[in-house]
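Here the structure is a predicted model, which is why all the values come from computation and not from measurement.
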Amino acid sequence: MAQAIVDDIIANGAPALDGRYTSIATDIFAGCPLAVSVALKPLNDLEAIEASAGSKSISLRIGSLQRPRTAPADVIGSVGGALCHELVHKNQSERDSASFIMAAIVQKEWHKHVSTRTSPEEWLTGYYGTVYEFEALAEQVAYEIWLHDTISGISARKNVSLAAVSGGEALRRIKLRLNPPGATSSVIAAWMQIFESKVNEALSSW
């Protein structure tokens, strides 16, 4: 799915909006509709990828791109990772809709106050350490590692040390926000170990 979207963006400057991804989404997401639209930012800013999910659909807003400064494989990793992340959220919503909706409201309000001054501890308690994001991010990071191995032509790893892999956009953000240069925290170090176990659990299930 990510490959098809990125191919269209590289060829045409934007994802296709004619519903051509529907049949692929039906196969991958067990009939869950996928809505794709164009975000305002250029895709070479990987933060232009915005995604959301509910119990019945997944929405992906993705930037336009004419001359990519970002390697296509990295873009595929970001698009595919976002889809994995939101598919987990869709499944979470199906399991407990009321709890998921409440958590989403809290998350949206918390993100309104995020800034460059947000501390690693605040990122952990407000976002990365929450139950729903923890599960979704583990699957997203696992996808990024799997994709790297697949593109590199090596056997997909089932057990990794997150400290020893560069990963993709999601893992880079986690490291930047929770482990900036000079920062030390036994709480965050313990969380990273637990998160690593969850990522390896996801890798082993693929």
**Request:** May I ask you to check whether H111 and Y127 place their ring centres under 6.0 Å from each other?
**Result:** yes
**Message:** To the closest 0.5 Å, what do you measure between NE2 (H113) and OG1 (T118)?
**Reply:** 10.5 Å
**Prompt:** Is it true that a side-chain atom of Q107 and a backbone atom of G126 form a donor plus acceptor pair closer than 3.5 Å?
**Reply:** yes
**Asked** Taking the side chain as C-beta and beyond, is there a heavy-atom pair between P120 and R177 under 4.5 Å?
**Response** no
**Request:** Please examine the side chains of I174 and M192, heavy atoms only from C-beta on, and report whether any two atoms are closer than 4.5 Å.
**Result:** yes
**Q193 side-chain N/O to A190 backbone N/O, donor-acceptor pair under 3.5 Å** = no
**Asked** Checking E133 side chain against Y128 main chain: does a donor-acceptor pair fall under 3.5 Å?
**Response** no
**Request:** Indicate if L178 and V187 have the same hydrophobic cluster label, given that clusters are the connected sets of ILVMFWY residues with side-chain heavy-atom separations under 4.5 angstrom.
**Result:** yes
**Prompt:** Charged N to carboxylate O below 4.0 Å: is that the case for R95 and E135?
**Reply:** yes
**Request:** Could you go through the side chain to side chain contact (heavy atoms under 4.5 Å, CB included) check for R172 and E144 one step at a time?
**Result:** CA-CA 11 Å; R172 284 194 290 269; E144 292 177 345; over 6 Å; no
**Message:** With a 4.5 Å cut-off on side-chain heavy atoms, are S152 and H148 touching?
**Reply:** yes
**Asked** How long is the gap from CG on N159 to OG on S204, to the nearest 0.5 Å?
**Response** 6.5 Å
**Prompt:** Quick one: ring pair (Phe, Tyr, Trp, His ring centres under 6.0 Å) partners of F195, sequence neighbours excluded?
**Reply:** F134, W191
**Request:** Given side chain to side chain contact (heavy atoms under 4.5 Å, CB included), test V199 with E139 step by step and report yes or no.
**Result:** CA-CA 6 Å; V199 170; E139 195 72 32; over 6 Å; no
**Item:** Side-chain ion pair, K90 and E86, N-O less than 4.0 Å
**Value:** no
**Message:** Does H89 form a side chain to side chain contact (heavy atoms under 4.5 Å, CB included) with H85? I'd like the steps, not just the answer.
**Reply:** CA-CA 7 Å; H89 280 331; H85 187 115; 3.0 Å; yes
**Complete:** Sorted by chain and number, sequence neighbours left out, side-chain contact (heavy atoms from CB on, under 4.5 Å) with L176 holds for none
**side chain to side chain contact (heavy atoms under 4.5 Å, CB included) assessment of V88 paired with Q92** = CA-CA 6 Å; V88 172; Q92 292 167 339; 3.6 Å; yes
**Message:** Using side-chain heavy atoms (C-beta onward) and a distance below 4.5 Å, is V114 in contact with W123?
**Reply:** yes
**Item:** N/O donor-acceptor pair under 3.5 Å between K158 side chain and L203 backbone
**Value:** yes
**Item:** Listed partners of Y132 passing ring pair (Phe, Tyr, Trp, His ring centres under 6.0 Å), at least two apart
**Value:** F100
**From CG (N200) to NZ (K198), nearest 0.5 Å** = 11.5 Å
**Side chain to side chain, V141 and L162, heavy atoms closer than 4.5 Å** = yes
**Asked** Between R157 and V165, is any pair of side-chain heavy atoms under 4.5 Å apart?
**Response** yes
